[in-house]
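Below you'll find the structure, written out as structure tokens, and then a few comments.
Quick note: numbers below take in every heavy atom, side chains included, and nothing from hydrogens, waters or symmetry partners. Letters go in sequence order (proteins before strands), and every chain restarts at 1.
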Protein chains: 2
Amino acid sequence: MDAQEFREAANATIDEIITYFDTLGSRNVVSTVEPGYLRKLLPDEAPQEGEPWAAIHKDMEAKIMPGITHWNHPGFHAFFPCASSYPSLLGELYSAALTTAAFNWICSPAVTELETVVLDWLAKTLGLPACYLSTGPTRGGGVIQGSASEAVLTAMVAARDKYLRETVPPLGSGEGASVTEEEYEERVMVKKSRMVALATTLTHSSAKKAALILGCRFRAIRVREEDGYALTREGLAAALAECRAQGLEPFFLAATLGTTDVCSVDDFEGISAALADHVPPGAPGEVWVHVDAAYAGAALVCPEVQESTRIGLVERFHSFDMNMHKWLLVNFDASCFFVRNREWLTQALSVNQAVYGNKASDGGLVTDYREWQIPLGRRFRSLKIWFVLRSYGVKGLQEHIRRTMKMGEDFAGALKDRSDLFEIVSGPSFALTVFRLVAKSEGASLEERNTQTRALYEKVNASGKMWLTSTELDGRFAIRLVTAVRTTEPEHIQTAIKTLVEIAEEVLRG
Amino acid sequence: MDAQEFREAANATIDEIITYFDTLGSRNVVSTVEPGYLRKLLPDEAPQEGEPWAAIHKDMEAKIMPGITHWNHPGFHAFFPCASSYPSLLGELYSAALTTAAFNWICSPAVTELETVVLDWLAKTLGLPACYLSTGPTRGGGVIQGSASEAVLTAMVAARDKYLRETVPPLGSGEGASVTEEEYEERVMVKKSRMVALATTLTHSSAKKAALILGCRFRAIRVREEDGYALTREGLAAALAECRAQGLEPFFLAATLGTTDVCSVDDFEGISAALADHVPPGAPGEVWVHVDAAYAGAALVCPEVQESTRIGLVERFHSFDMNMHKWLLVNFDASCFFVRNREWLTQALSVNQAVYGNKASDGGLVTDYREWQIPLGRRFRSLKIWFVLRSYGVKGLQEHIRRTMKMGEDFAGALKDRSDLFEIVSGPSFALTVFRLVAKSEGASLEERNTQTRALYEKVNASGKMWLTSTELDGRFAIRLVTAVRTTEPEHIQTAIKTLVEIAEEVLRG
């Protein structure tokens with residue numbers, strides 16, 4: 001493909017993308033293909049001879065598009081959104097053209113430096129305490145990870161390393177002075193076998209997966225409806241006591257601002273009080289607290305949300321993560337991970353290799369983000385964040401969050417107006433409402449109610465015009481509806497309500 | 001930014017990208033900015049009001065471009081390349097537009113299914129044995145990871161899980177029948193503390209980093225110049241014996257096809273022989289062998305390389321990884337990871353959460369790639385691979401590999417012609433030549449020779465017209481020169497030789 005062919009193909013693709021967004025609402029949200037549809041349409045092997053773009057391009061609409069589920073469809077109310085916006089697309093385009101592995105500063109200084117700057121911009125915009133700024137008092141800073149899963153994994157690895165440094169006497173000094181390398185390794189292994197990572201039953205599964213990758217013990221503390229599905233001081237204190245009784249050593253806690261199931265927020269004040277009773281903050285062996293705000297963290301661009309969540313309290317914790325690629329108009333992937341002291345990351349994750357040596361790195365003058373993350377290489381992801389922050393401005397982002405949260409409140413209000421049909425299980429919280437059908441008759445069993453709500457859920461999704469996802473809370477099947485997609489307008493919410501009411505009446509009648 | 005503004009901005013960006021590639025050779029390869037240059041040029045905070053594209057765009061050339069190192073510059077001979085091509089850029093563009101989190105099949109069936117198909121295409125093109133095909137006899141298959149680091153980490157996690165399943169009696173049956181959950185967890189912890197991952201002193205640092213993330217023991221087996229820097233049967237057998245003597249249990253070996261330093265290839269036949277003496281293949285507790293072919297694996301598109309590397313032997317191993325984003329014209333990131341039995345991944349990495357339930361997944365009919373990788377979400381990365389495979393065709397890719405390997409041979413030949421100046425330390429191997437200056441005088445110490453070679457290295461890089469990286473082999477400082485970038489032509493290699501000769505003469509004279 002030469003430059004002219006590329007120009008023509010790319011310009012046509014741009015037009016196609018615009019048309020795609022303009023007409024998105026007329027498609028079904030969820031693909032309806034059968035498993036295995038695509039293999040039947042494609043050859044068994046790569047072609048020997050190169051093909052012209054026209055041949056490849058025609059397969060996009062014919063073979064790929066039927067298998068696409070449209071995450072920016074106005075009727076996408078499932079999971080949490082996966083954002084896209086025009087300025088973000090431009091960022092992806094430049095990033096692909098200026099390709100670099102970007103593991104070290106010298107690989108492309110702009111990639112590292114823009115990332116540091118825009119993450120400081122973002123931290124300030126979200127109202128995070130100064131300890132998370134690269135210019136802050138504690139040598140903190142931000143780094144873009146591919147996903148919130150990688151962020152919690154990175155935090156957990158750093159936390160384990162910090163805990164070991166603080167609790168196992170180091171080789172060659174103090175109590176470790178007379179210890180051989182083998183004995184030291186043995187002590188570390190024994191210590192690791194006692195360490196346990198904590199989360200709650202509503203923490204995202206990525207925390208459990210991180211513990212599984214680390215190979216460490218994991219305990220999920222049960223959170224209760226009467227506490228708003230939040231981890232409380234009492235709940236955490238009881239879990240810490242139980243660990244101690246079993247001879248286990250908690251080193252990490254994944255706290256959440258906006259759980260996936262119900263968008264609950266853990267009690268940060270209570271957590272820090274329970275931990276202070278366990279090991280005082282800053283003392284050796286303190287528990288690392290990572291705040292997973294993957295979705296709801298976006299709402300912190302609004303000062304009223306900073307206040308209601310008391311976000312300043314996270315200065316007592318160790319790391320914080322939010323995904324701009326969910327609710328903040330930046331394309332996947334852009335998980336913004338902040339840490340109170342960047343040395344906790346570099347001490348845990350530095351692995352040197354001669355071939356990566358260079359003057360800037362060796363002189364310690366620059367940030368090499370490979371030491372802040374799991375992989376070595378990385379894409380130029382800060383560009384799209386920079387473009388979105390500048391193109392929308394903070395006010396534009398606030399408007400987007402307030403507008404979509406307002407739709408969530410309107411939706412929940414409409415359900416409350418029909419309390420003859422619906423019961424709100426939780427919310428509206430951060431544009432998420434969780435609900436189920438009322439009982440058909442007074443003595444309806446849990447199972448009957450679940451079956452009915454599931455019937456409603458499946459019929460609504462079968463319409464193709466919207467996509468809802470579900471969850472289970474203490475055995476109760478419930479529907480989640482999120483109103484956080486950029487293209488969703490109040491009229492779409494009205495349609496959603498109308499559809500839900502009609503089908504709910506049908507289910508309860510029949 | 002509305003559709004019309006986006007159209008204009010995107011079309012202009014496309015033109016800019018074409019001009020960028022057309023004039024790339026006239027820029028300096030490596031950015032010459034000072035650390036911290038960008039912060040001085042940017043405001044301290046995100047703007048409150050949105051800015052027009054023109055204002056953002058003008059900062060691209062003025063502030064970002066000076067900080068870019070050009071990985072597709074014809075004079076880029078550093079590290080290994082980071083590819084870019086026009087069809088790949090189109091793939092990135094579509095992928096960004098059709099954004100999805102793609103953790104489950106239903107999130108966009110095309111994303112999953114195209115990935116399975118193109119990875120089968122690729123496996124066949126590379127001559128991998130059928131056990132790595134999704135349609136193969138052992139339920140194998142491929143998955144696109146973000147980087148080779150993630151691939152080796154994923155393999156190591158799966159290997160640990162497999163080893164534990166095979167060596168710790170499971171709960172509730174056989175020897176594990178009378179064991180409580182606590183006792184079982186304890187046994188697993190004790191076993192983990194004895195397990196050790198193996199690699200060599202030239203294995204990429206990502207293997208060590210993976211072990212560090214797992215928190216398991218790690219041993220690097222020393223490889224020697226006289227063995228061509230390859231792991232041999234004897235070397236591995238000795239390491240296995242040493243582990244046994246220390247009461248340690250090897251569960252994982254990272255073998256390499258194309259080490260970063262010298263592009264050496266470990267002795268696959270010897271490795272499998274040494275392992276068969278340790279634990280027979282397929283027996284409980286066998287050592288998982290992961291083949292890291294991150295860079296050199298691309299050359300397997302040529303049948304002559306399949307033959308010379310005896311790639312069919314990898315059917316005795318467990319996983320294989322190569323990066324199309326290095327030498328095979330696909331943009332970063334596209335690390336293609338293959339496993340002989342996909343259940344090894346899903347058994348190790350499945351973590352369920354109610355909200356991700358759906359009929360297709362629950363019915364077991366589809367692949368959910370979140371269970372094959374570290375993160376949950378993922379980008380639509382197979383599109384760019386599909387576009388590149390089709391646009392170039394297998395023959396086009398073979399031509400690219402042969403052309404760039406030929407330049408490597410020509411370069412090494414020119415060095416040999418000037419054996420009064422240069423000594424080849426290793427290669428040419430897969431377009432990489434490693435060399436140093438000859439001794440200035442007969443009795444020159446290692447240190448003197450290193451200083452001279454370093455002087456040559458620094459002067460060449462200071463020219464700005466090319467970028468070389470260095471390494472250290474048994475204390476010898478050596479220069480690496482790779483000729484694998486798409487835009488590099490024989491004339492650029494001639495210039496490189498001319499420059500090297502001139503500066504070498506200068507260094508040896510003065």
Chain B heavy atoms under 4.5 Å from A:I18: which part of the residue, side chain, backbone, both or neither? side chain
What part of B:D161 lies closer than 4.5 angstrom to a heavy atom of chain A: side chain, backbone, both or neither? neither
Please answer whether the main-chain N or O of B:V190 pairs with a side-chain N or O of A:S193 as donor and acceptor at a distance below 3.5 Å. no
Between B:E472 and chain A, with a heavy-atom cut-off of 4.5 Å, which part of the residue counts as in contact: side chain, backbone, both or neither? both
With only heavy atoms counted, which part of A:S391 is less than 4.5 Å from chain B, the side chain, the backbone, both or neither? both
Taking side-chain hydrogen bond (donor to acceptor under 3.5 Å, both in side chains) as the definition, give me every residue that meets it alongside A:K395, ordered by chain and number, with sequence neighbours left out. B:E49
B:K209, part contacting chain A, at a heavy-atom distance under 4.5 Å: both
For B:L473, which atoms come within 4.5 Å of any heavy atom of chain A: side chain, backbone, both, or neither? neither
At a heavy-atom separation under 4.5 Å, does B:H70 approach chain A through its side chain, its backbone, both, or neither? neither
Measuring from atom OG of A:S206 to atom CD1 of B:I374, what distance do you get when rounded to the nearest 0.5 angstrom? 12.0 Å
Taking atom types as modelled, is there a side-chain donor on B:S134 or A:R39 under 3.5 Å from an acceptor on the other? yes
Is it the backbone or the side chain of B:F477 that comes under 4.5 Å from a heavy atom of chain A, or both, or neither? neither
Leading residue by heavy atom contact count with chain A [cutoff under 4.5 Å; candidates B:F79, B:F380, B:F80, B:Y20]: B:F79
Counting only heavy atoms closer than 4.5 Å, note whether A:V33 contacts chain B via side chain, backbone, both or neither. both
To the nearest 0.5 Å, what is the distance between CG (B:L98) and OG1 (A:T69)? 11.0 Å
Measure distances from A:N11 to the heavy atoms of chain B and classify the residue's part below 4.5 Å as side chain, backbone, both or neither. both
Toward chain A, the part of B:V366 with a non-hydrogen atom under 4.5 Å: side chain
Side chain from CB out, backbone as N, CA, C, O: work out which of these in B:D333 comes under 4.5 Å of a heavy atom of chain A, or both, or neither. both
Engaged part of A:E458 at the chain B interface, taking heavy atoms whose separation is under 4.5 Å: side chain
When only pairs under 4.5 Å are counted, which of B:L89, B:L90, B:I17, B:I64 shares the most heavy-atom pairs with chain A? B:L90
Check each atom of B:T116 against the heavy atoms of chain A and say whether the ones under 4.5 Å are side chain, backbone, both or neither. both
So what's closer than 4.5 Å to chain A heavy atoms on B:K326: side chain, backbone, both or neither? neither
Do the side chains of A:D44 and B:W121 get nearer than 4.5 Å, heavy atoms only? no
With a 4.5 angstrom heavy-atom cut-off, which part of A:A78 approaches chain B: side chain, backbone, both or neither? neither
Where on A:L349 is there a heavy atom nearer than 4.5 Å to chain B: the side chain, the backbone, both, or neither? both
The interface call for A:P43 against chain B, heavy-atom contacts under 4.5 Å, is both
Test item: B:E34 and A:L365 side chains (from C-beta on) under 4.5 Å apart, heavy atoms: no
Mind checking whether A:R379 and B:R379 have side chains closer than 4.5 Å, heavy atoms only? yes
Proximity breakdown for A:Y37 and chain B, heavy-atom pairs closer than 4.5 Å: both
Would you say the side chain of B:Y94 lies within less than 4.5 Å of the side chain of A:E16, judging by non-hydrogen atoms? yes
Quick one: what part of A:I106 sits under 4.5 Å from any heavy atom of chain B, side chain, backbone, both or neither? both
Between A:D59 and B:R390 (salt bridge meaning N to carboxylate O under 4.0 Å), is one present in this structure? yes
Has the side chain of A:Q48 got a donor or acceptor atom that lies under 3.5 Å from a matching backbone atom of B:V394? no
Heavy-atom distances under 4.5 Å only: say whether A:F387 touches chain B with side chain, backbone, both or neither. both
Could you look at A:S31 and say if it's the side chain, the backbone, both or neither that has a heavy atom under 4.5 Å from chain B? both
Using a 4.5 Å cut-off on heavy atoms from C-beta on, say whether the side chain of B:S147 contacts that of A:F103. no
Whatever's closer than 4.5 Å to a heavy atom in chain A on B:M65 counts as side chain
Taking side chain as everything from C-beta outward and backbone as N, CA, C, O, which of these in A:F21 sits under 4.5 Å from a heavy atom of chain B? Side chain, backbone, both or neither. side chain
Which residue out of B:Q398, B:H325, B:K359 racks up the most heavy-atom pairs below 4.5 Å with chain A? B:K359
Examine whether an atom of B:Y86 lies under 4.5 Å from a heavy atom of chain A, and if so say whether it belongs to the side chain, the backbone or both; otherwise answer neither. both
Applying side-chain hydrogen bond (donor to acceptor under 3.5 Å, both in side chains), name anything that partners B:E186, two or more places apart in sequence or on another chain. A:R194, A:R217
Proximity breakdown for A:N358 and chain B, heavy-atom pairs closer than 4.5 Å: neither
Keeping A:W71 on the side-chain end and B:C107 on the backbone end, is there a donor-acceptor pair under 3.5 Å? yes
Chain A contact via B:V30 - which portion, at a heavy-atom distance below 4.5 Å: side chain
Non-hydrogen atoms of chain A under 4.5 Å away: do they reach the side chain of B:E92, the backbone, both or neither? side chain
Quick one: does any side-chain atom of A:K192 pair with a main-chain N or O of B:K192 as donor and acceptor, under 3.5 Å? no
